[in-house]
Structure formats: C-alpha cells, structure tokens
Asks: 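Just passing along the structure, written as structure tokens.
Here is the naming used below: chain letters follow the sequence lines, and residue numbers restart at 1 for every chain.
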2 protein chains.
Amino acid sequence: MPAISRPTSKDVAQEAGVSQSTVSLVLGGKWSGRVSPATARSVRDAAERLGYRPNQAARNLRLGTTRTVLLMVPTLTAPFFGPVYTGAARVAARHGFGVVVSTWPDDAEGPADSPFGSEEAIDGVLASSMAVDALGRFGETPAVMLDSGPDPRTGGTVPTIDFGVADGMRAIAGHLAGLGHRRFGHVAAAVDQWTFRARAAALAAVVTGLPGGALLREECAIDVASAKDAALRLLSAADPPTVLVCDDDLIAAGAYKAARALGLDVPSELSVTGFDDVLLATALEPELTTVRLPAEELGAQGMAALLDLLAGRRPAARVLPGDLVVRASTAPPRAGSRAKEV
Amino acid sequence: MPAISRPTSKDVAQEAGVSQSTVSLVLGGKWSGRVSPATARSVRDAAERLGYRPNQAARNLRLGTTRTVLLMVPTLTAPFFGPVYTGAARVAARHGFGVVVSTWPDDAEGPADSPFGSEEAIDGVLASSMAVDALGRFGETPAVMLDSGPDPRTGGTVPTIDFGVADGMRAIAGHLAGLGHRRFGHVAAAVDQWTFRARAAALAAVVTGLPGGALLREECAIDVASAKDAALRLLSAADPPTVLVCDDDLIAAGAYKAARALGLDVPSELSVTGFDDVLLATALEPELTTVRLPAEELGAQGMAALLDLLAGRRPAARVLPGDLVVRASTAPPRAGSRAKEV
DNA sequence: CTGTTAGCGCCTTCAC
DNA sequence: GTGAAGGCGCTAACAG
C-alpha cells in the first residue's frame, strides 16, 4: 500500500473535466492552437489545485530519457571539484536535468565498474580530468571531456572544454622572468594528466628561451608533505632556484614549509607560485601568486556543451583562460643570490 | 528512432527460451524453489550474453520508488562537504541507491524552490547542517538530519546524526587550560547553526569554571579576511587573550594572519586552535591544533540511517565523536604575557 | 479543437 | 515450475 499516492495526470483530467491527453498537451506546453485557451487555463488551475507533479519515472519510461547526467571526477575531497559540480548542476537544473556524481575509483582501469553497475540510467557523461582515450568506457553514451586536453583523434569525436593552462603557465613564467628570476625550480605533480604535461611543457619552453635560464624539476604527489620533500630536494641543489613554480596551490603550501624549514623568507629570499587559486591561496601567509582556474565555469560550460550534444547540436570545443593573480609570494630574486655563482 | 535500444527482459526471455516473469524472478533473486536451477542458470547466461541491464525508469515506475536520495548541503565549495558526499555516496551505492546533491540556495527560506521543482523523483532526503525545524519543507519524504543537533520535538520524529562538538570543544579547552592558558579569545562563526551554538556554549562552560578564566568573543563570517579582522579586534583588547579558539580551520587561518600582522609568533606568543581538521590544517605553518570531525563518516552514517528508515526500520540517533588533534599551534602562554597585568 | 488508443519495460498476481 | 495478463503514469499517434 503506497503511503500517500500523489495526484496523477488522470486525476487532473478528471478535476478539469477533460481527457489525459489534453492535460499532457497543456502541461507539456505544446497546445498552441490545439486546445482552447479556456480549457488550457482550467487544466492549469486543476493541476495547481491538486498540487500535481508529473511522475518522472513514467515520463522517463515513455520518453526513453532520464534527464540525468553523470559527472565523473577523480574525487570530491580535493577542493577543486566542488565548484565544478556546482557549475554543472546550476546549468543542468536550469534545463530540468539532474546531476549525479561519480568519483572514479582508484583502480581507474577497471573496465565496467561502479558507475555503470546500477547506474545505467543516464543520458550523458561529463568526465573531468580523465585521459581522453579512456572514454571508450562510455560506449555510445554522449560525453564531453573536461580538462582533458584536445581530442587527439581525427575530427574531435568528443567535445572538450579545457583550461588555458599553457597560457597560464606562460603568464607565471613571464611574471617571474620580468622580476629578474633565471633559475627556476618546478615542483611538478606526479600525475599523468594532460593538464600537468601542458604546464611542464609551457614552463620549459619559456625558461629555455630565457638568456641564462635554468630549470630544475622534481615530482611529488599532490599533498603537502610530499610537496615539501620535493621542494627541499630542489632547494638543496648546488645552485638552487630562486623561485619554486608549483603545479598546484597545495604543492605551493608544501614549498612554503620547505622554505620555512630552511629559514628562507618568502618572497624576499624565495619566490613561490601556485596553480588553481583555491581557497588555500589566500589562507597562506604570504598570500600566494597563482593562476586562477575558473572551476565553476568549467562545470557550467561543460554541462552546456553536453546539453547541446543531447539536443542534437554539435558544440564547439572551448578553452577557458586562466588568469594570473599576483599576490605576495613573488618578488625579485635577492641580490645576493647570484653571489654563489662565483 | 532510438539510437541503440538496449536489450529488455523480453529479449532475455526469448534468448533463454522462457517467459518474462521467469527472467524477473531469477534476476530478482527470489526464485528459491520456484524455478529450476537449470532454468535459472540459463536465464543468467542469456542475460550475461546480451549484456542486459534492467531499465531503471520502468522499474521505478512499477515499484513506485526511485532508488535515489537527495543530499542537501549548504555548499560544495567549502572543503567540508565533499567528504560528506563521498561517504554518503559510498554506502548508497552499496545498496543500489544513487545520490543527487542539492546545495540549498542562499535565500534559504523560499518555501518551494529549486530542489523540488523538477526534482520530486526522490525516495528520501539527507539534510546537512540545516536547522532541524526547517524540515517541514520535506513534507512526507523520509529524511534524516545531519549535524543539526538533536531534534527538540517530542520523540525525535526525525533521525539525527551529529558530531560531538561539545566534547570536542571541551577537549580543546582542556588542552589549553592544561597548558596554562586562562585568557581565551573565541573567534566565533557568525552562523546561526546548532553546531556553532554548541561550540560556544561548551567553551564558555569550561572557561567559566576555570579559576581566573576570562573569555572574550568576536564573530566573523567563515572566510579568511573576516576572521583576520575579528582576531585583530580580540588581540587589541586591553588585556588580550593568550589563545584564539576558532570555530573553523579557515577562521584559524585568519587568526594566523592577524598574529603575523601584529608580529606575534604562533605558538610561542599566541596559541591558535581550529575546528574540523580539513586539508588546510596541515597546510598552514605551524600546523594547526584542531578537532577532527569525521565528515565522510557523517555522510556514511547518515545514509545508513536513511536507508534503514526507508526499509521501515527506526534508526537510532547517533553522535560521532570529534578527536582532538594536537599539532604545533598551541603552547604554554608566554611567561611575560602576565607582566602586562601589573 | 478534443478524446481514444496504444504502448514504453518491468514486476506480480493468478492460472496452468 | 512456468506462462499469460494486467497495469504503474505518461505521451504521441490517430480518430472524431
């Protein structure tokens, strides 16, 4: 026995003294010139009076659609992906779509696991920070890739929305070069994703093109302790860098710790930069110079593209610019720092 | 024309040479002694071969259930709620349920807004950090409240899962008292929620019971800049506190900034404590003494309770203990700090 | 302009 | 032990 059966379209029809199909037409908004305005209004009134809400399950069954899309992110624990979800959910809601999130399991290679177990009731997939070629897993499901780099395959089968991370990194490097830095340390995320490869390449390109430019590199996991270790390794080099360029704000926090452990002041004795501009960037002291990546916008644009795709349109690939935000963690290299070179 | 129509139970029946009902029984797991083992196995094989997945929409329609629950959180942008979602989704998935998130709009009072617009296709609600009495909005929908304090109404109509924030705050206060602190500054979140009221009350109780104990209080929004201002106000008092007890790790970050602005060393000249133990706590320098709130566990336990409720059981209210994590931001008050009293 | 009809895919009596 | 039939609530043909 169902607890409190909600009114159905049949009830509305009865209340309004018309048939179900009329109700469906009116409430579906496609009665232009097929139903008399008077009837339409009485149907609406009846629906209102009864507090009628269409049964989604029935509608889904009939229409063969679920009005639900799956957002796949590596994790929701990292501060970056909450906003991605928020942006995606916002535009989805505006179109009557819901968003379910799936954090892909650590064993990322499993062919047919969790999200597709009980969860095949989905119209499309938004996959963030996932290798582009991993999308064979989606089968025929419409998908758009976020922050995964341009689709290398001919024609770009799948729409992509990316950040302009290369430009962002170039902006950082340019800012630092302008400050007078020449010896760069790259505290790189040991994560095999397009976004990090692009950052590394852009940084290397700028530094290489700089007269007297030198680039050291150490890798670490994206956590504070691991980042601190990597920074320490960089700073203990024979001819240490005057700036630590970090792949992530969290890594920059580790760099701060390394600096403090070594008694180095930021920024007068060591400049540090981050990437992403999450909350942490302004919580640190001094506040972090970083590149702001519009995470919420990524989710929003990605969802818009997916909705286009579902509507039969062919969305264009987009790249969202990342802006350099100069705060207090960068300064000209200390004059004395070149003395060591002698 | 549907793109690629997936196999239906009818197809499976045909493939296995049986009827739909047999398929339903077998795949539904309730064929004990009604279907021959041989038939059952052949049905399973057929389903496997065809890659059959039951159509959720049809199943929902027939069963009158959606196997979806709504998680309502204030925001997913704050670092705390990602884990709550993760925990909830994990146990939900284990029971074949999906979780959709809704971040409640800023205009929290709107009677019938976003989540219930197109989103009535839900079996239950998990509401986090929401005023307990706000749940009239859920109507008849089964709900459990998270981090909202015990239900004040007779009998506890709605199951609740809470943190032991009072115990946590007492642990902090006890730790500080043991260190020798007597003059406390409370940098309180200006948010009217049970969890913050409980923290304030617990702190006040301990300090009041301390010989020579004094408690100052300033409120701020949960963001770094606002927290810094509040901390500054506290520290510029005639007889400033020797410790700043903050309602949130993020607020503690603001307190750090205030300390630095005043040239005060943490912890030798000023102790600071946080609350929550998010990522930030160990990213700060020095690392923050705080109370660890098991956010993921909150989501998991909450979902377990909701699932119990949906299954007709009556889950008990639970409170999850918060553990004091002593790190490097607390120390005995500086000996000289009492000199001012003269 | 409006009503009747026929399923969407599934589960569950009820006969056999 | 198995099959046939009905209907969940909705929408889109097709008649009138």
Asks: What is the distance, to the nearest angstrom, from the CH2 atom on W31(B) to the P atom on dG1(D)?
Replies: 11 Å

Asks: Tell me whether the side-chain N/O atoms of K10(B) come closer than 4.0 Å to OP1 or OP2 in dC8(C).
Replies: no

Asks: Could you check L50(A) against E15(A) for side chain to side chain contact (heavy atoms under 4.5 Å, CB included), going step by step and ending with a plain yes or no?
Replies: CA-CA 9 Å; L50(A) 265 37; E15(A) 174 83 6; 3.9 Å; yes

Asks: Run the side chain to side chain contact (heavy atoms under 4.5 Å, CB included) test on V100(A) and L71(A) for me, step by step, so that the C-alpha distance in whole Å, both residues' side-chain angles and the decisive distance to 0.1 Å come before the verdict.
Replies: CA-CA 6 Å; V100(A) 304; L71(A) 171 66; over 6 Å; no

Asks: Donor-acceptor pair, E296(A) side chain versus V84(A) backbone, under 3.5 Å?
Replies: no

Asks: Would you check if the side chain of R67(A) reaches a backbone N or O of H95(A) as a donor-acceptor pair within less than 3.5 Å?
Replies: yes

Asks: OP1 or OP2 of dT2(C) versus the side-chain N and O atoms of T39(A): is any pair under 4.0 Å?
Replies: yes

Asks: Would the base of dC11(C) count as contacting R62(B) through its side chain, where contact means a donor and an acceptor less than 3.5 Å apart?
Replies: yes

Asks: Which one of V91(B), L310(B), T68(B) satisfies the side chain to side chain contact (heavy atoms under 4.5 Å, CB included) criterion with F97(B)?
Replies: L310(B)

Asks: To the nearest angstrom, how far is Q14(A) atom CD from dG3(C) atom P?
Replies: 13 Å

Asks: Determine whether F163(B) and P294(B) make a side-chain contact, defined as any pair of heavy atoms from C-beta on separated by less than 4.5 Å.
Replies: yes

Asks: Whole angstrom is fine here: how far is it from CG in L63(B) over to C1' in dG9(C)?
Replies: 12 Å

Asks: Report the distance from atom CG of N60(A) to atom P of dG7(C), rounded to the nearest whole Å.
Replies: 21 Å

Asks: Please confirm whether the shortest side-chain N or O distance from S9(B) to OP1 or OP2 of dC11(C) is below 4.0 Å.
Replies: no

Asks: Is there a residue in residues 17-29 of chain A whose heavy atoms reach under 4.0 Å of DNA chain D, and which residues are they?
Replies: Q20(A), S21(A), S24(A)

Asks: With no hydrogens and no angle check, is any side-chain donor or acceptor of T39(B) less than 3.5 Å from a backbone partner on V35(B)?
Replies: no

Asks: Closest-nucleotide mapping onto DNA chain D: is V35(B) or A58(B) further toward the 5' terminus? I mean the 5' end.
Replies: V35(B)

Asks: Please examine the side chains of V101(B) and L76(B), heavy atoms only from C-beta on, and report whether any two atoms are closer than 4.5 Å.
Replies: yes

Asks: Round to the nearest Å and state the distance from L61(B) atom CG to dG9(C) atom P.
Replies: 12 Å

Asks: Take the protein atom CZ of R59(B) and the nucleotide atom C1' of dC10(C), then report the distance between them rounded to whole Å.
Replies: 8 Å

Asks: Taking D162(A) for the side chain and L146(A) for the main chain, is one N or O donor matched with an acceptor at less than 3.5 Å?
Replies: no

Asks: Rounded to 10°, tell me the angle between the two end axes of the helix from dC1(C)-dG16(D) to dC16(C)-dG1(D), each built from five pairs.
Replies: 50°

Asks: I need the CG-C1' distance between D11(A) and dC10(D), as an integer number of Å.
Replies: 13 Å

Asks: Take N55(A) and R34(B), find for each the nucleotide of DNA chain D with the closest heavy atom, and name the residue whose nucleotide sits nearer the 5' end.
Replies: R34(B)

Asks: Write down the distance between CG (L50(B)) and P (dG9(C)), rounded to a whole number of angstrom.
Replies: 14 Å

